[in-house]
Amino acid sequence: MGTEAEISPREAEVLELVGAHLSNAEIAARLCLSVRTVESHVSSLLRKLRVPDRRALARRAPEAAGAAPSHPAPVLPAPLTSFVGRASERAELTEMIRAHRQVTAVGPGGVGKTRLALAVAGEAVGEYSDGAWFVDLVPVTDPGMIATAVAGAAGLGEQPGRDMTESVVAALADRHALLVLDNCEHVADGAALFLERLLATCPRVTVLATSRARLMVPFERVYPVPPLSLAVDGESDAVALFMERAAAVGWPLDPPLRDQIAAICARLDGMALAIELAAARYPTLGLDGITAALSHPLRMLTGGSRADERHRSVRAALDWSHALLEPADRALLRQVSVFTAPFTAVAAAEVVRFGPGPVGTGIVNEDTVDEDTVDEGPADEGIVADGLARLAEQSLLVVTASPAGTGYRALETIRQYGTERLAEAGELVDARSRHLRWCLAQAAGLTVVQADWRARFDLAADDLRAALAWAADRPERRADAYELARRLAELTFTRHLTGESQRRYEQAAELAGDPAGRASMLRQAAAAAGCRTIGDDMYRLRRAAADTARGSGDSAGAAADLATAATVAFRFSTTFVRLPSREEALALVREARERAGDDPAARAAVALAEAGVLTDAFGAAQGPSENEVPETIARAEHAVDLARRTGDPLAESAALDALIGAQSWAGDTFAAAGTARRRIALLSSLPISPAGTHELVDALAMVTEAGLGAGDVPGARRWARRLAGHPSLAEVGHRATCRLLMVDALAGNVAEVLAGSVRFLDAWRRAGGPALSILRPAAAGVAMIHGLRDDRRARREWQEVLERLGTPPEGTYGYGAVFDALLLLHRGRAPEALERMAPEAGQVWKWVTWIWHHWYVALRTEAAVLAGSPGARHRLAEARTVVAGNPVAGAIVERAGALLDGDREALLATADAFDAAGCRYQSARTMVLAGGPHAERGEAVLAGLGFAPMAPARSR
């Protein structure tokens, strides 16, 4: 019995974002939810709205928000027609998926594998707490794209640092779900590799696959799908299917006709597709006409197994159904078989050949039209639409909903049949060529990103990939293939399919007709690898670009690529698996210097490599142990000067990054912050590209940290929020939010920390808990906030996260000391805070110079004053000099001075300074330290912010 099911306000929000083609992680980030919660909402919406899958849910989103259907349905595609019979097969297959983790339903095309698998999954879905996903592999032409298809069905995105397979496997690692993988035969090798990784890593995922042959994976159990039962005495599933389909088109059959129907079904070997095609002809031919038509000699394959014989029966039915079509409709059916995904009449009109066909149809009949007379212009859309409707009436096409209008698709068996007829007619190359031109036009039209861009791209993507796969293997289409590969690389990058984007850029490099084009594509591929945080690929691809340039005589281009490869090894050293040694990088720099000549871009690249490799401006793992600060600054400034002369903002930004590092090592906090802002100004207006995105994400991280180090809390928070919302980081919420959490923790923004930490922890766990150094300050900050709230359970949880992340020296002397001191001072344990910060800042300069230098000095001074340290006044004087110009650290030092002098007026003045600097916690803390009625107001503010009461300061 169905129950009234209303869409909740939160589900309506999720539905709207699904309609915008956002992934689960993107929706979670937008609504401040966990990904698991979003998945639950999507599953609920699929049931409530009774739609086939996630794509159908996206299509329904504009009009369905607020709808209240009354009958829940499984989270699986809803067949357009009823499922008939197969009771024993359903029971057998259901028991198999309960007993085994991977079952493949095998059988020839048209036997009914997909419908049986869907029926079984629909009945079993309730046994899986995380539901079921249906993945149609028909549009997948590249075995390496299996994971992308699964991700699309499950609402998953690619995590930087992982390929799509790794991202999917990680997301499903703890899921209890059923995955239906349909039509595996044409990508069997890719499906097998994917399933081996999935099943080995996801112990609670069960896979039900359909294929014409077994997949040969370790966990596989095979279920041969039989034809429909043909028993004349008693029930016959084949007869029931024929009668049901005939009744569905308004022509019910009387029971006395069952024997005649059974004979037809027997001739068709009980093959479901063949029976459906025959039933579709019943209104026009009747049973006698069908019987007579099936008695005629038909083109049949010879030899082979019983399965082959069944396939011949489907082929016979297709031959017969095809022969009954008008010539124009036959031509239309075979020509639209080039479409991999659902297509519209408008698209079909672009691909179908236009010419003087029979009876004024405008469709070419190859038997009556001379090739030389064919007009290659588009066919008339109205005529094409009429023909598509007739094909749908004969069950040769299926009508689907589409954002661009009514869509059509052929079942895979029929599409393959159409392709065969296209080849037999000698039209295959011409039709695919027109399809390729259509795809190129679609790709060009997608270069302008509009509100519905994602939906339009997703609708066209499978055809673009199929056209590229065909063209890439044809030498005469190499130029078109290159253009489509380049376009698809750009489009998939915009769609945040960064792994595919890198692959397409590399494919474009292979297809490029000249060395310059090849080198350009390799550089773009390297930048895409950078966005994926895969340093090894960045390095490999830049060296490949250098080889290409060197081989073509482009000495300056080779120099720039060699120098950039050396820079990458140091600048992004934490993203490498196999890190190039300093000696290897030095060899690249030497060759680059020799080849650069007077070329401005090459000289600028070499200067940056020298700053990074020779003096380690980036603080790389393989860099020299001690930085010579003056030389580092001089080299970095030289690199900036040369890069600026090139007029390339990306080159200048990279050089400025080196200068920021040099300034931080020098302890010049304000200069580093100013340089970081210069980077943002250079990059903010650049168009979307792999190189620009990679540079901007890095710049946002740096400007956040530099601003926080200089005490610009509002500015740091503004940049951190922009970073947290950057679409390229949507699938790695821990990396997206880590800087924002750090800023909010230091500012004392409890509510923001609690909300952001949900996304951080959820994404970090989904990513497998990586021990990334950039995550440690955020985790320490969240742990501190829970300590300030006196939430011991939550603090223990985050301390466990910190233990898994590790505690390097910067954790001991940098962020670790700062966050620990803040908590100890809140609890009135100033002597312990002073011990925690015992080393002088100059003793641990390399660990506190960056963000933490001023915070360390200021908090150490306050701890000395509150602990009654004899040297407090001397430290106070030194601290004033160090933090001068920093509004937060300066206010902390002035507060310490007021406490030391007992100057309440000066003490309260610092509260206003903290408020102006965006630090509400420190303002309230000042009021408590002032005592009297001020303390009561301060405690009230702390309580309102979510903090536990401060403990009285205790000296030694």
| said: For Thr693 and His726: C-alpha separation, side-chain torsions, deciding distance, then whether side-chain contact (heavy atoms from CB on, under 4.5 Å) applies. | reply: CA-CA 9 Å; Thr693 296; His726 198 282; 3.7 Å; yes
| Do Val140 and Asp462 pass the side-chain contact (heavy atoms from CB on, under 4.5 Å) test, and can you show the C-alpha distance, the side-chain angles, and the key distance before you say yes or no? | CA-CA 7 Å; Val140 178; Asp462 289 327; 5.6 Å; no
| query | Passes side-chain contact (heavy atoms from CB on, under 4.5 Å), Leu273 versus Ile414? Steps please. | reply | CA-CA 9 Å; Leu273 176 58; Ile414 295 175; 4.2 Å; yes
| Please walk me through it: do Arg465 and Asp142 pass salt bridge (Lys or Arg N to Asp or Glu O under 4.0 Å)? | CA-CA 8 Å; Arg465 293 167 179 139; Asp142 180 349; over 6 Å; no
| request: Test side-chain contact (heavy atoms from CB on, under 4.5 Å) on Leu325 and Leu391 and set out the steps. | output: CA-CA 9 Å; Leu325 294 173; Leu391 294 175; 3.8 Å; yes
| message | Set out, in order, the CA-CA distance, both residues' side-chain angles and the distance that settles salt bridge (Lys or Arg N to Asp or Glu O under 4.0 Å) for Asp329 and Arg390, then state yes or no. | response | CA-CA 8 Å; Asp329 289 347; Arg390 287 191 295 273; 2.8 Å; yes
| Verdict with supporting geometry, Arg486 and Gln524, side chain to side chain donor-acceptor pair (under 3.5 Å) | CA-CA 10 Å; Arg486 182 183 67 82; Gln524 293 281 25; over 6 Å; no
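Note that OG1 of Thr344 and CG of Leu459 are 7.5 Å apart. Values are rounded to the nearest 0.5 Å. In this structure, CZ on Arg504 lies 7.0 Å from OG1 on Thr492, to the nearest 0.5 angstrom. The line from CD of Glu158 to CE of Met164 is 5.0 Å long, rounded to the nearest 0.5 Å. Taking CD of Glu695 as the start and CG of Leu686 as the end, the distance is 9.5 Å to the nearest 0.5 Å. A distance of 9.0 Å separates CD of Glu510 from CG of Leu522, quoted to the nearest 0.5 Å. Distance check: Asp463 CG to Leu436 CG gives 11.5 Å after rounding to the nearest 0.5 Å.
The shortest non-hydrogen separation linking Glu506 to Ala525 is CG-CB, 3.8 Å. Smallest separation of non-hydrogen atoms from Ala209 and Leu215: CB-CD1, 4.0 Å. Residue Ala485 comes nearest to Leu511 through the heavy atom pair CB-CD1, 4.2 Å, listed as atom of the first residue, atom of the second, then distance. Counting all heavy atoms, side chain and backbone alike, Phe572 lies closest to Thr575 at O-OG1, 2.8 Å. Here the shortest heavy-atom pairing between Pro690 and Tyr505 reads CG-CE1, 3.8 Å. For the pair Leu464 and Cys439, the tightest heavy-atom approach, listed with the atom from each and the gap, is CD2-O, 3.3 Å.
Legend: ring-ring contact (aromatic ring centres under 6.0 Å, His included) pairs involving residues 513-547, not counting sequence neighbours: none detected. The ring-ring contact (aromatic ring centres under 6.0 Å, His included) analysis of residues 449-494, with sequence neighbours excluded, yields the pairs Trp453-Phe457. Applying the ring-ring contact (aromatic ring centres under 6.0 Å, His included) test to pairs two or more places apart or on separate chains, those with a residue in residues 328-350 are Phe339-Phe343, Phe339-His435, Phe339-Trp438.
Although no hydrogens or angles enter the test, the distance criterion places a donor-acceptor pair under 3.5 Å between the side chain of Arg162 and the main chain of Ala767. Side-chain N or O atoms of Asp599 include one that pairs as donor or acceptor with a backbone N or O of Ala602 at under 3.5 Å. Under a 3.5 Å cut-off, the side chain of Glu490 and the backbone N or O of Thr447 do not form any donor-acceptor pair. Side chain of Glu26 to main chain of Ser23: a donor-acceptor pair is present (N/O by atom type, distance under 3.5 Å, no hydrogens or angles). Although no hydrogens or angles enter the test, the distance criterion places a donor-acceptor pair under 3.5 Å between the side chain of Ser337 and the main chain of Thr419. With His496 contributing its side chain and Ala730 its backbone, the two residues share no donor-acceptor pair below 3.5 Å. Of the possible donor and acceptor atoms, none in the side chain of Asp182 sits under 3.5 Å from a partner among the backbone N and O of Thr210. The closest donor-acceptor contact from the side chain of Glu412 to the backbone of Val138 lies at 3.5 Å or more, if one exists at all. Checking side-chain atoms of Ser433 against main-chain N and O of Val429 turns up a donor-acceptor pair under 3.5 Å.
Val169 is not listed as a side-chain neighbour of Glu166, based on a closest heavy-atom distance of 4.5 Å or more. Counting heavy atoms from C-beta on, the side chains of Glu652 and Thr646 never come closer than 4.5 Å. In this structure, the side chains of Val448 and Gln450 come closer than 4.5 Å at one or more pairs of heavy atoms. Taking 4.5 Å as the limit, some side-chain heavy atom of His21 sits within range of a side-chain heavy atom of Arg495. Looking at Leu332 and Val384, their side chains come closer than 4.5 Å, going by heavy atoms from C-beta outward. Using a 4.5 Å heavy-atom threshold, the side chains of Arg503 and Met145 count as touching. In this structure, Arg421 and Glu427 have side chains that are not in contact, with every pair of non-hydrogen atoms separated by 4.5 Å or more. Residues Ile146 and Leu137 meet the side-chain proximity criterion, which asks for heavy atoms closer than 4.5 Å.
Within 6.0 Å of atom CG in Asp189, 12 or fewer heavy atoms from other residues, nucleotides or ligands are found, so the atom counts as exposed in its surroundings. Within a 6.0 Å sphere centred on CZ of Arg456, other residues, nucleotides and ligands contribute more than 12 heavy atoms.
Of the candidates Arg543, Arg550, Arg523, Arg523 is the only one forming a salt bridge (Lys or Arg N to Asp or Glu O under 4.0 Å) with Asp561.
Donor-acceptor pairing under 3.5 Å is recorded for the side chains of Arg518 and Thr548. Gln502 and Arg532 share a donor-acceptor pair across their side chains, judged by distance under 3.5 Å alone.
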